[in-house]
Amino acid sequence: MDKLLDFTGKTVLITGAAQGFGALLAEELAARGANLVLGDIKTEPLQALAKKLKANGAKVIAQNCNVAVEADGKAMVDAAMDQFGQLDIAVNNAGIGQALELTEEVSDKDFESQWRVNVMGVQYGMRHQLKAMKTKGSGVILNVSSMAGLGAAPRLAAYSAAKHAVIGLSKTAAVENAALNIRVNAICPFFALTPLVTESALSAAGVEQAKATLSRNAPIRRCAEPIEIVNAMILLLSPGNTYMTGLAIAVDGGVSAI
Ligand SMILES: NC(=O)c1ccc[n+]([C@@H]2O[C@H](COP(=O)([O-])OP(=O)(O)OC[C@H]3O[C@@H](n4cnc5c(N)ncnc54)[C@H](O)[C@@H]3O)[C@@H](O)[C@H]2O)c1
């Protein structure tokens with residue numbers, strides 16, 4: 001295997017791994033030799049994924065993890081240390097969408113859930129991941145933000161605010177830890193048709209309509225395939241990618257070039 005894509009023996013923690021980007025990333029990294037610590041609030045699909053990966057020879061721990069609960073974030077790191085003796089890579093991927101509302105209509109409840117899951121979920125995760133990585137003297141963290149974290153996201157104000165916060169957290173942690181051999185980046189995908197999109201109000205008029213509407217403003221004229229986002233994640237996590245840190249990388253079919 002090309003060493004840029006070789007994750008053999010690396011311990012990789014992924015939150016929100018039961019479906020969507022997280023599940024696909026787990027499959028791709030398992031195929032490249034990683035040991036995995038997977039967490040999600042959806043127990044059944046998470047355990048089914050773990051079973052499939054183990055049957056293919058991967059070493060996998062899968063446990064219930066609500067990222068909004070600090071003890072669950074810590075338990076993921078503890079599991080990596082107990083089972084594999086180290087944590088090399090953490091992907092804080094778990095996230096939730098919000099109801100489509102104009103800014104003045106966004107409820108406190110929506111803001112609070114965005115804050116608890118999409119912001120504190122990343123902070124709780126990093127709090128424990130960074131401690132483990134500092135002990136080891138190296139590490140890589142990738143936080144999943146969004147194009148909504150880089151600019152406006154009409155009718156998604158709370159989600160946009162939360163994803164902007166993820167970038168602030170990522171950049172700050174990157175600068176604090178750059179000299180300690182720990183890289184921290186954020187990835188900012190444009191729309192991809194994972195359940196986050198297909199099962200949300202964005203797809204109220206059907207998935208085909210959503211595809212057409214969501215891709216209208218993208219120079220590439222289509223939404224991303226989930227694997228296109230996951231491939232970019234792998235490039236950011238690559239063992240050969242040692243000088244990129246503190247970045248919020250758009251994977252957006254040209255949207256941010258306009
Ligand atoms: N799909 C897109 O178009 C898109 C675009 C930009 C950013 N993102 C971001 O990518 C990440 C992954 O999203 P996805 O598209 O794969 O969505 P998805 O809904 O398919 O997967 C998200 C996973 O996170 C899990 N999750 C939700 N709340 C959780 C919690 N409190 N604790 C633990 N797990 C939890 C869900 O159960 C699910 O398995 C999210 O952070 C999302 O905001 C997605």
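Just follow the structure's listing: the first ligand is 1, and inside any ligand the first atom is 1.
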### Query
Which of these, S145, G95, A17, has its nearest heavy atom closest to atom 22 (C) of ligand 1?
G95
### Message
So for ligand 1, is F21 a polar contact partner (N or O within less than 3.5 Å, distance only)?
### Response
yes
### Task
Flag the pair L38 / L46 as yes when at least one side-chain heavy-atom distance between them is below 4.5 Å, and no otherwise.
yes
### Message
Using the side-chain contact (heavy atoms from CB on, under 4.5 Å) criterion, which residues pair with M147? Sequence neighbours excluded.
### Response
L150, C188, F190, A250, D252, V255, S256
### Query
Within a strict 4.5 Å, meaning less than it, do heavy atoms of the P219 and I258 side chains meet?
yes
### Task
Considering only non-hydrogen protein atoms, determine which one is nearest to atom 36 (C) of ligand 1 and report residue, atom name and distance to 0.1 Å.
D40 OD1, 3.5 Å
#### Entry: Protein contact of atom 32 (N) of ligand 1 - nearest heavy atom, named by residue and atom, plus distance
V67 N, 3.0 Å
### Query
Can you tell which of L202, D72, N66 gets a heavy atom nearest to atom 31 (N) of ligand 1?
N66
### Query
Starting from atom 34 (N) of ligand 1, which protein heavy atom do you reach first, and at what distance in Å?
A94 CB, 3.5 Å
Distance-only check: which donor-acceptor pairs under 3.5 Å involve side-chain atoms of residues 18-27, not counting sequence neighbours?
{"unit_1": "Q19", "atom_1": "OE1", "unit_2": "K42", "atom_2": "NZ", "d": "3.2"}
{"unit_1": "E27", "atom_1": "OE1", "unit_2": "K52", "atom_2": "NZ", "d": "3.4"}
{"unit_1": "E27", "atom_1": "OE2", "unit_2": "K52", "atom_2": "NZ", "d": "3.3"}

### Query
So which heavy atom in the protein is nearest atom 15 (O) of ligand 1, and how far is it from that ligand atom?
T194 OG1, 2.5 Å
### Message
Suppose I only count heavy atoms of F191 and a 4.0 Å limit; which atoms of ligand 1 are within that range?
### Response
3 (O)
### Summary
Given the options N185, V166, N118, S145 meets side-chain contact (heavy atoms from CB on, under 4.5 Å) only with V166
### Message
How far is atom 18 (P) of ligand 1 from the closest protein heavy atom, and which atom is that?
### Response
Q19 NE2, 3.3 Å
### Summary
atom 6 (C) of ligand 1 has as its nearest protein heavy atom P189 O, 3.3 Å
### Message
Heavy atoms only, cut-off 4.0 Å: how does V117 contact ligand 1, side chain, backbone, both, or neither?
### Response
side chain
### Query
Can you check whether I187's main-chain N or O pairs, donor with acceptor, with N143's side chain at less than 3.5 Å?
no
### Query
Relative to ligand 1, is M147 under 4.0 angstrom through side chain, backbone, both or neither, heavy atoms considered?
neither
### Task
With heavy atoms of V197 as the reference, note each atom of ligand 1 found under 4.0 Å away.
1 (N), 2 (C), 3 (O)
### Task
Give a yes or no on whether a salt bridge exists between R155 and E101, defined as a side-chain N under 4.0 angstrom from a carboxylate O.
no
### Message
Counting non-hydrogen protein atoms only, what is the nearest one to atom 40 (C) of ligand 1? Give residue, atom name and distance.
### Response
N93 O, 3.2 Å
#### Entry: Smallest separation among heavy atoms of L196 and Y159, with atom names
CD2-OH, 4.2 Å
#### Entry: Where ligand 1 meets K42 - atom numbers and elements under 4.0 angstrom, heavy-atom basis
37 (O)
### Query
Any Lys/Arg nitrogen of R116 or E112 sitting under 4.0 Å from an Asp/Glu carboxylate oxygen of the other?
no
### Task
Check the pair I234, F7 against side chain to side chain contact (heavy atoms under 4.5 Å, CB included), reporting the backbone distance first and the verdict last.
CA-CA 10 Å; I234 292 170; F7 291 81; 3.9 Å; yes
### Message
Test your reading of the structure: does A192 have an N or O sitting under 3.5 Å from an N or O of ligand 1?
### Response
yes
### Part of Y159 within contact of ligand 1 (heavy atoms, under 4.0 Å)
side chain
### L13 vs V77 side-chain heavy atoms within contact, under 4.5 Å
yes
### Query
Which protein non-hydrogen atom lies closest to atom 9 (C) of ligand 1, naming both residue and atom, and how far is it?
V144 CG1, 3.6 Å
### Task
Specify side chain, backbone, both or neither for I96, according to which of its non-hydrogen atoms lie closer than 4.0 Å to ligand 1.
side chain
### Message
Please classify the A224 to ligand 1 contact at 4.0 Å (heavy-atom distances, strictly less than): side chain, backbone, both or neither.
### Response
neither
### Query
Which bit of I41 gets closer than 4.0 Å to ligand 1, counting heavy atoms only: side chain, backbone, both or neither?
both
### Message
Pair E176, T172 - check side-chain hydrogen bond (donor to acceptor under 3.5 Å, both in side chains), show working.
### Response
CA-CA 6 Å; E176 288 172 354; T172 301; 5.9 Å; no
